[in-house]
2 protein chains.
Amino acid sequence: MTIVDVARHAGVSTTAVSKVLRNAYGASPAMRAKVHRAIEELGYRPYAAARGLRGKTYTIGVMLPDIRNPFFPDILDGLTDTLRDTDYHVLLGPSCDNEKDEGKLTDAMVDRGMDGLVLIAPVMSRTRLDRLATTIPTVVVGRHSRSAHYDTVTDDDTAGAALVVDHLADLGHRRIAHIEHHETDPARLAEMPNAVRADGYHRAMRARGLAVDIVSTSYTQEGGYLGAQQILARPERPTAIFAGADIVAMGVLTALSEAGLTVPEDISLAGYDNTSFAALGPISLTSVDQAGHHIGTDAARLLLQRIADRTRPAAQVKLAPKLVPRRTTAPPRP
Amino acid sequence: MTIVDVARHAGVSTTAVSKVLRNAYGASPAMRAKVHRAIEELGYRPYAAARGLRGKTYTIGVMLPDIRNPFFPDILDGLTDTLRDTDYHVLLGPSCDNEKDEGKLTDAMVDRGMDGLVLIAPVMSRTRLDRLATTIPTVVVGRHSRSAHYDTVTDDDTAGAALVVDHLADLGHRRIAHIEHHETDPARLAEMPNAVRADGYHRAMRARGLAVDIVSTSYTQEGGYLGAQQILARPERPTAIFAGADIVAMGVLTALSEAGLTVPEDISLAGYDNTSFAALGPISLTSVDQAGHHIGTDAARLLLQRIADRTRPAAQVKLAPKLVPRRTTAPPRP
DNA sequence: GTGAAAGCGCTAACAA
DNA sequence: TTGTTAGCGCTTTCAC
């Protein structure tokens, strides 16, 4: 079942069918109707793989660091909701949290002729990111970099971290530890959301005259578990922990519970992302909302615009985070 | 940068390059070496979209019902671990939990020339599933159907449900409610894992002479929340709840917590899937382990075999679930 | 507004 | 073992 069959069935040329399929200029209403009827009657579906050879594949690729992090589905929902009424399909790569896997995945997506990419918090070098974006329309989410070739959607992570520090400090906490996602590359130190968040914590603490206490693990449940264990092994225990992501806070809860500590009586805990798990009754985690759905919507919109016009100036959308206080934060024991 | 450039650079024919790329028969070691060097030097990458037009795209599509359900990443890990050392790439569709979205996504995957599909708990009709599997190598995960055209990997949901019921009954519970994922289609009633799980509960309860109490919502956090609210509104409250999935149990916990009930003192709770959240310290949910990673490994292996030989007899792999008792289940109040 | 014809990059017959 | 050649299904000039 090909375009040739449709053309024959409708009594027109293959060119005509192609034009109708693409809503291209140069097909009369009568022709469109004929072709559409033929498509209907034959149950024809264009073969995207073949379209890609000359035109577009109507496919958008999404890369994310960790499918287990419940924040990313929010972004995905925003993306798919926006793309639902278009001809585009979204295809997701499996989690990849290192430069090598990222390279493999983005290569694979380019090789499959995808029309555009949404990269969520990519760790690849700025050079590579830039090169990629000149190859294929790209929107970068979360990473605080700026390029002429790709659009970005970010949340103000500096402000978000300050929100948490201020909240805890206002409650009376003086010793507030932070668990961050380990970042050594100096170039990425200024760009990755986790690094900016840690920097925001740093600034906010110093602005209050408080001593900085950072533990480096990763933005995973295990990272939170291990980070909390390190913190609990300290001679002087902090009275509050600011986990860089809700998923980290989940692991922290396990470690605290195993240590026989209760939240917020023994120690306060705040997360980041305001995922659906933060709202869970028995957890009720204080967190920072960065409106994942909205991020996804913006990313999709920007990508569609960039696909339509690859020369348009790059846009930087920056969203403002919001603190959502819940039951895991309270004044420290007197 | 095409195969022609590589051929010219290596001083061989395009066929030779093609053969080397595919590890096909008919290329001398000397030729392979020459071609590989040319590929290296030119930084050539085959264009998968074009390969798909004649041969394969080296792409495997995965469809899952809900990206928010933390059980599915386990399966995905098993899949990607197994596929990592092959030439195949895994691409995931966005969540789709209804027949229409499933149809759109599988169509899109077929249209993109994917070499094989892994469908996790698909809800589409058996006819459609069968037709799909004759079009493209397919492995179905979780669904208890049998076909000559696709392989299946399932867990013994009947036994798993019985494990939970027996555990609770042995603790002394008599009134055990079950929250299931709503299923009306009579054909799917015997095939979907959620339906089989509910049926297993049914049988196990009756075998013990206990009264069945089923609430139908969905396998989501919200489904658990709403289901628990319905259960709590009963004149006579059950002493234990068996949630059909861990993600459901998460929602149940919220509802119980809002109602001022404690677990397991006021009410026992068990989930299913043994996700990483079940092991979380403050949650510590009794659950049923169905070895998601193993399921993924088997699915990948079966799919590779089916891609290699589409006529091979269909295999049905059935795994055995295991109960993981934790702190949310205890004897009822006297 | 419409259609004929030339590829897109690759694979697979087939011939050498 | 190697190379020549004809497409895969679609889009895109470029005539008409």
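Protein chains get the first letters and strands the later ones, always in sequence-line order, with residue 1 at the start of each.
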Margin query: With nearest nucleotide decided by heavy atoms, which residue, B/Leu53 or B/Gly11, maps closer to the 5′ end of DNA chain D?
Written below: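 In this pair, the answer is B/Gly11.
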
Whole-Å distance separating the [atom1] atom of [X] from the [atom2] atom of [N]:
X: B/Arg112; N: D/dC10; atom1: CZ; atom2: C1'; answer: 14 Å
X: A/Ile39; N: D/dG9; atom1: CD1; atom2: P; answer: 16 Å
X: A/Tyr25; N: D/dC14; atom1: OH; atom2: P; answer: 17 Å
X: A/Asp111; N: C/dG9; atom1: CG; atom2: P; answer: 13 Å
X: A/Asp87; N: D/dT11; atom1: CG; atom2: P; answer: 11 Å
X: B/Tyr47; N: D/dC8; atom1: OH; atom2: P; answer: 19 Å

Next item on the list: Take atom CZ of B/Arg126 as the centre, draw a 6.0 Å sphere, and report whether it contains more than 12 heavy atoms from other residues, nucleotides or ligands.
Entry: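 No - once you tally the heavy atoms of other residues, nucleotides and ligands closer than 6.0 Å, there are 12 at most.
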
Next item on the list: State the CE-CG distance between A/Met109 and A/Leu132, to the nearest 0.5 angstrom.
Entry: 10.5 Å

Atom pairs under 3.5 Å, N or O on each side, protein against nucleotides 11-15 of chain C: can you list them with distances?
residue: C/dT11; atom: OP1; partner: B/Arg51; partner atom: NE; Å: 2.8
residue: C/dT11; atom: OP1; partner: B/Arg51; partner atom: NH2; Å: 3.2
residue: C/dT11; atom: OP2; partner: B/Ser18; partner atom: OG; Å: 2.8
residue: C/dT11; atom: O2; partner: B/Arg54; partner atom: NE; Å: 3.2
residue: C/dA12; atom: OP2; partner: B/Arg22; partner atom: NH1; Å: 2.7
residue: C/dA12; atom: N6; partner: B/Thr15; partner atom: OG1; Å: 3.1

Check: When you look at B/Val118 and B/Leu64, which way does the side chain to side chain contact (heavy atoms under 4.5 Å, CB included) test go after all the steps?
Finding: CA-CA 9 Å; B/Val118 174; B/Leu64 44 74; over 6 Å; no

Check: Between the two ends of the helix from C/dG1-D/dC16 to C/dA16-D/dT1, what is the bend in degrees, rounded to 10 degrees, where each end axis spans five pairs?
Finding: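 Axis angle across the helix from C/dG1-D/dC16 to C/dA16-D/dT1, nearest 10°: 30°.
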
Check: Within the structure shown, what part of the strands sits under 4.0 Å from B/Ala24 by heavy-atom distance: base, sugar-phosphate, or nothing?
Finding: nothing

Note to self: Classify A/Ala49 by what it touches in the nucleic acid, base, sugar-phosphate, or nothing, heavy-atom distance under 4.0 Å.
What the structure shows: nothing

Item checked: side-chain N/O B/Ser13 vs D/dG3 OP1/OP2, d < 4.0 Å ->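 Yes, because at least one side-chain N or O of B/Ser13 sits under 4.0 Å from OP1 or OP2 of D/dG3.
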
Next item on the list: Evaluate the side-chain proximity of A/Thr86 to A/Leu304: yes if any heavy-atom separation is below 4.5 Å, no if none is.
Entry: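 They are in contact (side-chain heavy atoms under 4.5 Å apart), so the answer is yes.
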
Next item on the list: Write down the atom of A/Asp130, the atom of A/Tyr150, and the distance for their closest heavy-atom approach.
Entry: OD1-CE2, 3.8 Å

Notebook entry, point to check: Hey, are B/Asp115 and B/Lys56 close enough for a salt bridge, meaning a charged N less than 4.0 Å from a carboxylate O?
Noted result: no

Notebook entry, point to check: Charged N to carboxylate O below 4.0 Å: is that the case for B/Glu99 and B/Lys104?
Noted result: no

Notebook entry, point to check: Given B/Asp107, which of B/Arg112, B/Arg128, B/Lys100 fulfils the salt bridge (charged side-chain N to carboxylate O under 4.0 Å, His left out) condition?
Noted result: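 Going through the options one by one, the only one that passes is B/Arg128.
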
Margin query: Starting the side chain at C-beta, find the nucleotide from C/dC10, D/dG3, D/dG9 nearest to B/Val12.
Written below: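 Out of C/dC10, D/dG3, D/dG9, the nucleotide with an atom closest to B/Val12's side chain is D/dG3.
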
Notebook entry, point to check: Is there a salt bridge (Lys or Arg N to Asp or Glu O under 4.0 Å) between A/Asp151 and A/Arg301 once you walk through the steps?
Noted result: CA-CA 10 Å; A/Asp151 307 293; A/Arg301 192 175 42 76; over 6 Å; no

